[in-house]
Undergrad: 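Got a structure for you, questions after.
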Amino acid sequence: MILQKIEQLLQEVQQLQASSAEEIEALRVKYLSKKGEITALMADFRQVPAEKKKEVGMRINELKQTALERINGLREQCQAAGGDCAVQDLTRTAYPIELGTRHPLSLVRNEIIDIFTRMGFTLADGPEVEDDLHVFTKMNFAADHPARDMQDTFFVSQHPNDVTRNILLRSHTSSVQARVMERTQPPIRIICPGRVYRNEAITARAHCFFHQVEGLYIDRNVSFTDLKQVLLTFSREMFGADTKIRLRPSYFPFTEPSAEMDISCFICGGEGCGFCKHTGWVEILGCGMVDPNVLELCGIDSKEYSGYAFGMGVERIANLKYSVSDLRLFSENDTRFLREFEAAQ
C-alpha cells in the first residue's frame, strides 16, 4: 500500500509545473514542508514490516530527492526566463543595514595601546565599582583629601568611621595599578585602559564619565629620564615625528616628583595659534615618579625598587587628533558624527 502511494507521488512530482515564485513555493509546501505529503509518509512507515523497511525507506528518500531536484529545477527555469522566482526571506529586515564603524574613542584607545605594547607594556584591567582602599588609600590620598568628598566622587556606599570600606565608582584607573602591585613583584610594566567616573557637570569640556589610559613601570634603577624617553616616543608615534614635549612641575598624591606634559602644537608647529591659545603648547597628560609611600602601601620595597607612572584621557587625545570641540558628541551616538570617522578605520 505505501509503495503504491510512493509511486503515485513520484509520478506527480516528475510532472510538476510552475511559472511563478508563488506557485513554486506552494509546491514546496505541499510536498516537502513539515506537514507535506512526503513527510506524512513517515507516519505510515512505522507500520511497515521489518523486512520491508529498508526497501520502503530507500524509495521514500528517492521520492524526496526527486521532489527537491524538480522544485529547484523549476525555480532555475523561472529565473532564466526572467521571472521573479527568488526565495523570499520573511525574517529579513525591510531596509538595507549599513555596516557599522569603530567609535572614535575606540580608534584612539587602540592606537594608544598599540604604541605602548610595542614598547613592552602589557594590558591590565580591574573593576569599575571599586573600594576606597585601592582608589585612594593605596594611592597615598590623605583621609581628608577633597577627592574623597561626595562633590567629586560617586559613592555606592559610605562608612564615615572607616573610609577604607567605602565603595565607589572609580575616579581613575590607578586602582588597577594598586591591585597589580599588591599581587605582583617587580619588574612591572603595564598600561591600564578603562572608563572612570567623576561627579562633574556635563558640559562641552567635561563629562561625568570618560576614559583613561594609565601606565606604570617599576623595576630597579628606574629614573625620570626613562619616563621622559617613553613619553617622547609615544608623542612622536601619536602626533608626528617632529613633535616636541615639555614637562612642567605639578602635584599628584601618588607621584613625587610630579609633572604635567605638553606637546608642541601640531596645528601651528609651535608658532602659536588659536588652538594652543598662542602658546605653541598643548597639555596632554600627567606623570611622575611613583611615590615611595605608594610602593610600601602595595607591598613593594621602595629602597630596592623605583618606578614611574603616567595617565592621559582618551577623550583629550581624540580631541587633539580629530579637533572635536564638544565632549558630549562622543557619548550621544549621533550617526552623523560617527560617520565622519569611517575613513579612520
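No hydrogens, no waters, no symmetry mates; every other heavy atom, side chains included, goes into these values. Nothing fancy with the numbering, it's 1 onward along the sequence.
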Undergrad: Is any side-chain heavy atom of Glu111 closer than 4.5 Å to one of Met238?
TA: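 Sidechains of Glu111 and Met238: in contact.
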
Undergrad: Search all heavy atoms of Ile191 against all heavy atoms of Val213 and return the closest pair with its distance.
TA: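 Taking every non-hydrogen atom into account, CB-CG1, 4.4 Å.
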
Undergrad: Please confirm whether the backbone N or O of Phe254 pairs with a side-chain atom of Asn140, one donor and one acceptor, at under 3.5 Å?
TA: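 No: the side chain of Asn140 does not pair with the backbone of Phe254.
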
Undergrad: From His103 NE2 over to Arg109 CZ, what is the distance, rounded to the nearest 0.5 angstrom?
TA: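 One finds 10.5 Å between NE2 of His103 and CZ of Arg109.
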
Undergrad: Can you tell me how far the CD1 atom of Ile202 sits from the CZ atom of Phe209, to the nearest 0.5 Å?
TA: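 It is 7.5 Å, given to the nearest 0.5 Å.
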
Undergrad: Mind checking the SG-NZ spacing from Cys265 to Lys244? Nearest 0.5 Å is all I need.
TA: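 It comes to 13.0 Å.
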
Undergrad: Could you check whether any side-chain N or O of Glu260 sits under 3.5 Å from a backbone N or O of Glu283, counting only pairs where one atom can act as donor and the other as acceptor?
TA: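 Flag not set: sc Glu260 to bb Glu283 has no pair under 3.5 Å.
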
Undergrad: Do you know the tightest heavy-atom contact between Cys287 and Leu247?
TA: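 That would be SG-CD2, 3.9 Å.
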
Undergrad: Is Arg248 paired with Asp262 through a side-chain N to carboxylate O contact shorter than 4.0 Å?
TA: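 Looking at Arg248 together with Asp262, the answer is yes, because their closest N to O distance falls below 4.0 Å.
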
Undergrad: Might you work through the side chain to side chain contact (heavy atoms under 4.5 Å, CB included) test for Leu216 and Val180, ending with a clear yes or no?
TA: CA-CA 10 Å; Leu216 174 71; Val180 171; 5.7 Å; no

Undergrad: Do Ile167 and Phe155 come within less than 4.5 Å of each other through their side chains, counting heavy atoms only?
TA: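 A side-chain contact is absent here, since even the closest heavy-atom pair is not under 4.5 Å.
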
Undergrad: So which heavy atom on Ile284 is nearest to which on Met312, and how close?
TA: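 Minimum heavy-atom separation between Ile284 and Met312: O-CB, 3.7 Å.
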
Undergrad: Any donor and acceptor pair, going by atom type alone, linking the side chain of Thr39 with main-chain N or O of Ser33 inside 3.5 Å?
TA: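 Such a contact is found between Thr39 side chain and Ser33 backbone.
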
Undergrad: Hey, is the main chain of Thr243 close enough, under 3.5 Å, to the side chain of Arg236 for a donor-acceptor pair?
TA: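 Answer holds: yes.
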
Undergrad: Can you hop from Leu297 to Val294 via hydrophobic side chains spaced under 4.5 Å?
TA: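 In one cluster: no.
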
Undergrad: Group every Ile, Leu, Val, Met, Phe, Trp and Tyr by side-chain heavy-atom contacts under 4.5 Å, then state whether Tyr322 and Leu327 land in the same group.
TA: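 Per the 4.5 Å side-chain linkage, Tyr322 and Leu327 are co-clustered.
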
Undergrad: Please step through side chain to side chain donor-acceptor pair (under 3.5 Å) for the pair Glu69 and Gln65, ending with a clear verdict.
TA: CA-CA 6 Å; Glu69 291 175 355; Gln65 185 64 29; 3.1 Å; yes

Undergrad: Check whether Arg195 reaches the backbone of Glu128 with its side chain - one donor and one acceptor, N or O, closer than 3.5 Å.
TA: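 It does not hold such a pair.
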
Undergrad: Can a donor-acceptor pair be found, under 3.5 Å and without considering hydrogens, that links the side chain of Thr66 to the backbone of Glu62?
TA: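 Side chain of Thr66 to backbone of Glu62, a donor-acceptor pair under 3.5 Å: yes, one is there.
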
Undergrad: Could you give the distance from CE (Met181) to CD1 (Ile190), rounded to the nearest 0.5 Å?
TA: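 Met181 atom CE to Ile190 atom CD1 measures 7.5 Å (nearest 0.5 Å).
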
Undergrad: Does any part of the side chain of Arg198, heavy atoms only, come nearer than 4.5 Å to the side chain of Cys208, both counted from C-beta?
TA: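 No, every pair of side-chain atoms sits at 4.5 Å or beyond.
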
Undergrad: Please tell me whether Phe234 and Phe116 form a close aromatic pair, meaning their ring centres lie under 6.0 Å apart.
TA: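 For Phe234 and Phe116, the ring centres are under 6.0 Å apart.
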
Undergrad: Run the numbers on His172 and Val135 for side chain to side chain contact (heavy atoms under 4.5 Å, CB included), then give the verdict.
TA: CA-CA 7 Å; His172 51 193; Val135 175; 3.7 Å; yes

Undergrad: Distance only, no hydrogens: is a donor on one side chain within 3.5 Å (strictly under) of an acceptor on the other, for Tyr251 and Glu256?
TA: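 Distance-only check fails for Tyr251 and Glu256.
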
Undergrad: Check this for me, if you would: do Arg179 and Asp131 make a salt bridge, where the nitrogen-to-carboxylate-oxygen distance has to be below 4.0 angstrom?
TA: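 So Arg179 pairs with Asp131 through a salt bridge.
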
Undergrad: Is the distance between the ring centroids of Phe141 and His134 under 6.0 Å?
TA: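 Ring centroids of Phe141 and His134 are no less than 6.0 Å from each other.
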
Undergrad: Indicate yes or no for a side-chain donor-acceptor contact from Arg220 to the backbone of Pro187 under 3.5 Å, with no hydrogens or angles considered.
TA: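 No: the side chain of Arg220 does not pair with the backbone of Pro187.
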
Undergrad: Could you tell me whether a side-chain N or O of Glu214 sits under 3.5 Å from a main-chain N or O of Thr173, the two making a donor and an acceptor?
TA: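 Yes; judged by distance alone, with no hydrogens or angles, the pair exists.
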
Undergrad: Looking at Ser106, is its backbone amide N or carbonyl O close enough to the side chain of Asn110 to form a donor-acceptor pair, meaning the two atoms are under 3.5 Å apart?
TA: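 Present.
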
Undergrad: Determine, using the 4.5 Å side-chain heavy-atom cutoff (strictly less than), whether Leu9 and Ile60 are members of one ILVMFWY cluster.
TA: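 Yes, same cluster.
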
Undergrad: Is Val324 close to Phe337 at the side-chain level, that is, under 4.5 Å between some pair of heavy atoms?
TA: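 Of all side-chain heavy-atom pairs linking Val324 with Phe337, at least one is under 4.5 Å.
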
Undergrad: Suppose we screen for salt bridge (charged side-chain N to carboxylate O under 4.0 Å, His left out). Which residues come up paired with Asp291, at least two apart in sequence or across chains?
TA: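 Partners of Asp291 by the salt bridge (charged side-chain N to carboxylate O under 4.0 Å, His left out) criterion come out as none, since no residue qualifies.
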
Undergrad: Run the side chain to side chain contact (heavy atoms under 4.5 Å, CB included) test on Arg316 and Phe210 for me, step by step, so that the C-alpha distance in whole Å, both residues' side-chain angles and the decisive distance to 0.1 Å come before the verdict.
TA: CA-CA 10 Å; Arg316 177 64 172 164; Phe210 55 97; over 6 Å; no

Undergrad: Check whether any side-chain heavy atom of Ile24 sits under 4.5 Å from a side-chain heavy atom of Leu74, and report yes or no.
TA: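 Sidechains of Leu74 and Ile24: in contact.
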
Undergrad: Quick one: are Gln17 and Arg70 in side-chain contact, heavy atoms under 4.5 Å?
TA: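 Yes, their side chains come closer than 4.5 Å.
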
Undergrad: What heavy-atom pair brings Ser258 and Phe252 nearest, and what distance separates the two atoms?
TA: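 The answer is OG-N, 3.3 Å.
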
Undergrad: Considering only heavy atoms from C-beta outward, does the side chain of Phe310 approach that of Leu227 to under 4.5 Å?
TA: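 Result yes, sub-4.5 Å side-chain heavy-atom pair found.
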
Undergrad: Go through the steps to decide whether Tyr217 and Ile188 satisfy the test side chain to side chain contact (heavy atoms under 4.5 Å, CB included), and finish with yes or no.
TA: CA-CA 5 Å; Tyr217 176 43; Ile188 298 171; over 6 Å; no

Undergrad: Looking at every non-hydrogen atom in both residues, tell me the closest pair between Arg189 and Met119 and how far apart they are.
TA: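 Scanning both residues completely, I find the closest heavy atoms to be NH1-O, 3.7 Å.
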
Undergrad: Name all residues meeting the salt bridge (charged side-chain N to carboxylate O under 4.0 Å, His left out) criterion together with Lys30; count only those two or more places apart in sequence or in a different chain, and write none if there are none.
TA: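 Expected list: none.
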
Undergrad: Please say yes or no: joined through hydrophobic side-chain contacts below 4.5 Å, possibly via intermediate residues, are Ile113 and Val196 part of one cluster?
TA: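 Ile113 does not cluster with Val196.
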
Undergrad: Would you say Glu315's side chain and His211's backbone share a donor-acceptor pair under 3.5 angstrom?
TA: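 It does hold such a pair.
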
Undergrad: Can Asp301 and Lys303 be counted as an ion pair, charged N to O under 4.0 angstrom?
TA: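 So Asp301 does not pair with Lys303 through a salt bridge.
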
Undergrad: Tyr305 and Gln185: side chain to side chain donor-acceptor pair (under 3.5 Å), yes or no, with the steps?
TA: CA-CA 10 Å; Tyr305 295 102; Gln185 284 299 304; 5.1 Å; no

Undergrad: With a 6.0 Å cut-off on ring centres, are Tyr197 and Phe154 close enough?
TA: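 Not close enough - the centres of the two rings lie 6.0 Å or further apart.
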
Undergrad: How far does CG of Leu329 sit from CG of Asp326, to the nearest 0.5 angstrom?
TA: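 Leu329 CG to Asp326 CG: 4.5 Å, rounded to 0.5 Å.
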
Undergrad: Would you say CG of Asn221 has more than 12 non-hydrogen atoms from neighbouring residues, nucleotides or ligands within 6.0 angstrom?
TA: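 No, because the 6.0 Å sphere around CG of Asn221 holds 12 heavy atoms or fewer from other groups.
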
Undergrad: Tell me the closest heavy-atom pair linking Lys138 and Ala178, and the distance in Å.
TA: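 Between these two residues, the closest heavy atoms are CB-CB, 4.2 Å.
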
Undergrad: Taking everything shown except Arg118 itself, do over 12 heavy atoms lie less than 6.0 Å from its CZ?
TA: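 Yes, the 6.0 Å shell around CZ holds more than 12 heavy atoms from other groups.
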
Undergrad: Hey, what do you get for CG (Leu133) to CE (Met139), rounding to the nearest 0.5 Å?
TA: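 Nearest 0.5 Å value for the CG-CE distance: 10.0 Å.
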
Undergrad: What class does the angle between the rings of Tyr308 and Phe121 fall in, given that below 30° is parallel, 30 to 60° is tilted and above 60° is perpendicular?
TA: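 Geometry flag for Phe121 against Tyr308: tilted rings.
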
Undergrad: May I ask you to check whether over 12 heavy atoms, not counting those of Lys321, lie within 6.0 Å of atom NZ?
TA: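 Atom NZ in Lys321 is crowded, with more than 12 foreign heavy atoms closer than 6.0 Å.
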
